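Remember, it's a predicted structure, so these values are computed and weren't measured experimentally. Here is the naming used below: chain letters follow the sequence lines, and residue numbers restart at 1 for every chain.
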Protein chains: 2
Amino acid sequence: MLNSSTDPHLEKGIVTQLRGYLAQIDLADDGRLPPERELSAALGVSRTELRKALDVLEAEGQLWRHVGKGTFMGSRPLDTFADIAALARRSNPAEVMRARIVMEPEICRAAAFTATPEDIAEMRMCLTRSRQAETWRQYEAWDTRLHRTIAEASQNTLLLGLFDTLNAVRRAVTWGRLRTEPVKPLPDHHSFAEHEAIVDAIEHRDIAAAAAGMRAHLQTVERKLLDRQ
Amino acid sequence: MLNSSTDPHLEKGIVTQLRGYLAQIDLADDGRLPPERELSAALGVSRTELRKALDVLEAEGQLWRHVGKGTFMGSRPLDTFADIAALARRSNPAEVMRARIVMEPEICRAAAFTATPEDIAEMRMCLTRSRQAETWRQYEAWDTRLHRTIAEASQNTLLLGLFDTLNAVRRAVTWGRLRTEPVKPLPDHHSFAEHEAIVDAIEHRDIAAAAAGMRAHLQTVERKLLDRQ
DNA sequence: GTTGGATACCAATTTCATTTTGGTTTATAT
DNA sequence: ATATAAACCAAAATGAAATTGGTATCCAAC
């Protein structure tokens, strides 16, 4: 009862030992620390005792664990809002338009840097087809494809992915408005000229005009959208 | 030149043959049809010719294809590029920084419009805590929280969701860089002053300065990152 | 009797090699 | 010229094996 090995407060010693070890080691970017089996060996304690110490730190919120994954410093990654269905439920058409106005002009600016002749040819095809559209559905298909071609032309997988996410939310959001528009796009539909101005700017590598054109276009779309409600 | 096998319109025949076959067969729930190698054998045409016919149907939007996955009837599912893990696999640190430079300044501009006093108070707390950080991990935690607080202050669920997606990809991307930095952030670390300029601009509703400050900050981060490689 | 250590086992997850698949190129033949 | 076959590539799916946190069991020490 007198030697330290039976001291009931020994576990507390392991906790402090562990704290020191964790402060000292330089862990990976993801905050993952060595598996329990290695850690117990490195600290010279049994796995059972190490787990008790880890339980304490986990209760303090200093780390989190998951079977098969490992043990990680910091707080458990919060449920990201990246789920499209959840996003669409929380969002609304006004937010979608605001997000488009934030993102797409800058994506368009980047595209003006990097668009290839093939990209521009596809944009031109979208322009032609959208003018020829016989129904609003067809028009929207070519409109969507044009905007996505611009995002592709940015040559950035990640930006394209974010654009796709935004687009998926846009389609999933309940717009609540009924189509009271004419059965097919009229020849003087505002988007035609705006789209062409954007593609022209991209083709001439006029990055400022490309961004400005896209912003103006989306602001027109936003205005038309909100007028109707 | 006279027999039908050299008829230049034969390919059109293959398209119709394929249409008939697709209308006839009972495809799986996911709309997947047999791989090209099987399909060409079943239809008794070469894979090259089959692919031409598939190109036509794809251009019509009747089916979509993806390497490794297969060919599917109908339109491409919404969440194709929205998966974080897939994005992280495809992307890289340079793309992540470019995407941040595209998105965050505009989010910051929006935040300068809408930030509440509570938002700004939290930003100031992040500034203080990041200055007090004893390790790089602590610093990064407060840095991340500052940037997310700014995104929250935009009052736009969708923008916040896109920001979270970007952040998740950032954490998942393999940076491959070794930590050669000092053990703790030095008092003259460039980010401190830059962060404070951004929060100041937001507080004074100087939307142009907010966006410019964020852009300058991220460009500095990008430069430091690429220097090191 | 209680405590701690070693061991074995479980299920979730990752890892890695293999296979499959659409996309592309090359050589050959008609 | 055009079509075909074959080979090759990279993305993705697949499946076996290893890894990892969680749990139960048995045993020794006191």
| request: To the nearest Å, give me how far apart CD1 (A:I14) and C1' (C:dG5) are. | output: 11 Å
| message | Between B:E60 and B:R19, does any side-chain N to carboxylate O distance fall below 4.0 Å? | response | yes
| field | Those residues that, when tested against A:D55, pass salt bridge (Lys or Arg N to Asp or Glu O under 4.0 Å) (two or more places apart) | value | A:R65
| field | Between D:dG21 (P) and A:L50 (CG): distance, integer Å | value | 9 Å
| task | Mind calculating the distance between NZ (A:K52) and C1' (C:dA6) to the nearest angstrom? | result | 14 Å
| Protein-nucleotide distance (A:M73, atom CE; D:dG21, atom P), rounded to Å | 14 Å
Taking N or O atoms only and anything under 3.5 Å, show me the protein contacts with nucleotides 7-16 of chain C, one pair per line.
unit_1 : atom_1 : unit_2 : atom_2 : d
C:dT13 : OP1    : A:H66  : NE2    : 3.4

| request: Take the protein atom CG of B:D55 and the nucleotide atom P of C:dG23, then report the distance between them rounded to whole Å. | output: 7 Å
| What is the distance, rounded to the nearest whole Å, between atom CG of A:L43 and atom C1' of C:dG5? | 16 Å
| field | 5' priority, DNA chain C, between A:S46 and B:E38 [closest heavy atom] | value | A:S46
| query | Is the phosphate of D:dG22, meaning OP1 or OP2, less than 4.0 Å from a side-chain N or O of A:R65? | reply | yes
| For B:R47, salt bridge (Lys or Arg N to Asp or Glu O under 4.0 Å) partners two or more places apart | B:E36
| field | Sidechain N-carboxylate O distance under 4.0 Å for B:E106, A:R98 | value | no
| query | Just how far, in rounded Å, is C1' of D:dT23 from CD of A:E36? | reply | 11 Å
| Starting at CG of B:L54 and ending at P of C:dT24, how long is that distance when rounded to a whole Å? | 13 Å
| task | Consider only side-chain N and O atoms of A:D143 and A:H195, and report whether a donor and an acceptor are under 3.5 Å apart. | result | yes
| query | Less than 4.0 Å between a side-chain N and a carboxylate O, is that true for A:R124 and A:D200? | reply | yes
